[in-house]
Amino acid sequence: MTQRLTIENITAHYGTTKVLEDLSLDIAEGELVSLLGASGCGKTTTLRLVAGFLAPTSGAITLGGKDLTRLPAHKRDIGLVFQNYALFPHLSVADNVGFGLKQRGIARDTRAKRVGAMLERVGLSHLADRLPGALSGGQKQRVALARALVIEPPLLMFDEPLSNLDAKLRIDMRVEIRQLQRANGTTSVYVTHDQEEAFSISDRVAIMHQGRIMQLDTPEVLYQRPANAFVARFVGFENLIPMTVVARDGETATVEAEGGVRLSLSSGHFGAIPDRFILASRADGLAVSDETNDGIPATLGLRTYLGRAYQYQCETPAGHLLANGPLGRPLDPGATAKLVPVPEQCTILAPEA
Amino acid sequence: MTRSVHPALIGLAVLVFIFLVGPLVIVVGAALSDTSFLTFPPQGLSLRWFENIFEIAAFRRTIVTSLQIAFLSTGIALVIGIPAAYAMNRYRIALPGWLSTLFVLPVLVPELVLGFSLLKSVAVQFTVPIYISLVIGHTLLVLPYVVRVISASLANFDFSVEEAAISLGSPPLKTFFTILLPNVRSGVIAAFILAFITSINDVSISIFMTGPGISTLPIQLLAHTEQFFDPTVASVSVLLMVLTVAVMAIVERTLGLTFLAK
Ligand SMILES: Nc1ncnc2c1ncn2[C@@H]1O[C@H](COP(=O)(O)OP(=O)(O)OP(=O)(O)O)[C@@H](O)[C@H]1O
Ligand SMILES: [Mg+2]
């Protein structure tokens, strides 16, 4: 039942405005891939292309080896879950869920059985005869989910399905969605602008920006090893320090940042060090120390307590940086110290154009 | 927790009520008068002026014509107006803003002018039969109301519902009938009733379009009052009201029920 989705070099326009540019995405059978990005980056547009509500300017979409690109939307057999639920206001919960089965010409009693079983799974059996207007947001979203799942589509697509729910319910529902998706093994595309949500339920996440995919990888890789400066900032790397190699001596490279700050880095720790690069890390990638001479000289600013460490706002010749210091040695604002890169927590990125 | 209502407000409500219902009472009263002239309060009670309508052949004919024209023009206006209103709301971003104004423009033109221009440019120019001119004229007359009313009920329709249906395998045209129409049912009923009433009461357009052998009820009434000052005017008015209410009830019933049955 589950199938592989391939999006190849899709470009899409609204009128003359280019919205997606040369976008490619390959989703394996049974995999859940999230599209994550800021508002307006083209997530919904991507879904609409796959669903068939919008035609691409160029490129191809295939599902299970079948070319979808020119197939009308109602023949694509894709389960869709909308942000605003999009339930049929004039139909009961049971009829909403049974709608897709009815279109497939499935006999009334079989339909009733499958709808009943599906409502059971999402815990809404007692509401079968209600109209959508008389449901809570979470119940509506469950109906929408049931309606999409009951047709057993080879592909499920979710467009910010939880963004209208409160925080607690959002977390419960995303677990529920993931469990149902796993149980059916349905290939899925999940759109969200909530990073935690995307990372917590996805096999892989595509980080999008202005109609392109900036990186497509597992949450672990994205979180630890972003591939470029955009993704690094997106996943919370506060320190992005442009560097240039000024001398090399075997494994050790002497690098210089803005303001003449010099550091020596070992390629044993960092891997190959290109001539120009960005040293990127979160706050825990720079260790505050007042006992060493090697590091980025900094004047410490505000100190905050994180539980596992102290965090300092630091002014350095290379700009404003965020660094962590040991709990045993709190330093006061105004003190000077060195910021020492922690290789395991740092990553090297190509310089920005 | 009962709130006291200001006496002036009650007085105002009573005034408005009298203002609205007063004319109806007078017309119904006059229609029931046994006199051979129009008077209120009625002197003696009789239904003879209702019988009189049906004794005059011209009235019998024009009642039928008026009903036919009203149903036809309302039907055509709905067939044109619903898709038009749909397109304008569905593709609001893609369509120019003046388009929706265009559909409402005929309301701004004095109906007499509309009727006269239709006579000159359609009926005479292309020698269109009177009956057809009447249907065209009335359709143009009621179309703006239909578009306006349907647009209003489409304004809060969430079109992603339509996409949900399509994604579940329902072809677009079928989706229009099974998903969209049932959700604007009350709008369609309101449009029907408004259009029907406008058509069946129309004088200013019909007066140009009637001719030998074909006339509408209001025009026939006008002709009648030029010669007679008997209570027929009142009885025809009552008949028109009864017909309209009957049609409203039937439409409410049938349209309401067919949509519910889906
Ligand atoms: N119907 C439309 N006509 C013209 N431009 C559109 C249309 N729909 C979307 N756009 C534009 O296309 C771009 C991508 O829109 P899209 O809806 O795919 O964004 P998104 O990533 O889903 O954003 P959000 O998180 O806000 O839902 C945006 O710049 C938007 O302004
Ligand atoms: Mg969106």
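Protein chains get the first letters and strands the later ones, always in sequence-line order, with residue 1 at the start of each.
- Between A:Phe88 and B:Thr178, every side-chain heavy-atom pair lies at or beyond the 4.5 Å cut-off.
- If you tally non-hydrogen atom pairs under 4.5 Å between each of A:Phe99, A:Tyr14, A:Phe53 and chain B, the highest count goes to A:Phe53.
- For B:His6, the NE2 atom is loosely surrounded, since the number of other residues' heavy atoms within 6.0 Å does not exceed 12.
- For NZ of B:Lys174, the number of neighbouring non-hydrogen atoms (other residues, nucleotides, ligands) closer than 6.0 Å is greater than 12.
- Your options are A:Ala144, A:Gly100, A:Ala86, and the one with the most heavy-atom pairs under 4.5 Å with chain B is A:Ala86.
- With a threshold of 4.5 angstrom between heavy atoms, A:Arg48 approaches chain B through side-chain atoms but not through N, CA, C or O.
- Other residues, nucleotides and ligands contribute only 12 or fewer heavy atoms inside 6.0 Å of the CD atom of A:Glu120.
- Contact detail for B:Ala164 and A:Arg147: the closest heavy-atom pair is CB-NH2, 3.4 Å.
- Distance check, rounded to the nearest 0.5 Å: CG of B:Asp158 to OH of A:Tyr85 gives 12.0 Å.
- A:His90 places none of its side-chain heavy atoms less than 4.5 Å from the side chain of B:Arg185.
- Evaluated for a side chain to side chain contact (heavy atoms under 4.5 Å, CB included) with B:Ser167, the options A:Ile151, A:Leu80, A:Ile78 yield exactly one hit, A:Leu80.
- Heavy-atom minimum distance, A:His74 versus B:Pro172: ND1-CD, 3.6 Å.
- When heavy atoms are compared at a cutoff of 4.5 Å, A:Arg104 approaches chain B solely by way of its side chain, counted from C-beta outward.
- In this structure, the portions of A:Ala73 lying under 4.5 Å from any heavy atom of chain B include both its backbone and its side chain.
- There is no contact between A:Leu101 and chain B, counting heavy-atom distances below 4.5 Å.
- Within a 6.0 Å sphere centred on CZ of B:Arg148, other residues, nucleotides and ligands contribute 12 heavy atoms or fewer.
- If you tally non-hydrogen atom pairs under 4.5 Å between each of A:Pro89, A:Gly15, A:Ala51, A:Gly52 and chain B, the highest count goes to A:Pro89.
- Ranked by non-hydrogen atom pairs under 4.5 Å with chain A, the options B:Ile166, B:Leu168, B:Thr175 are led by B:Leu168.
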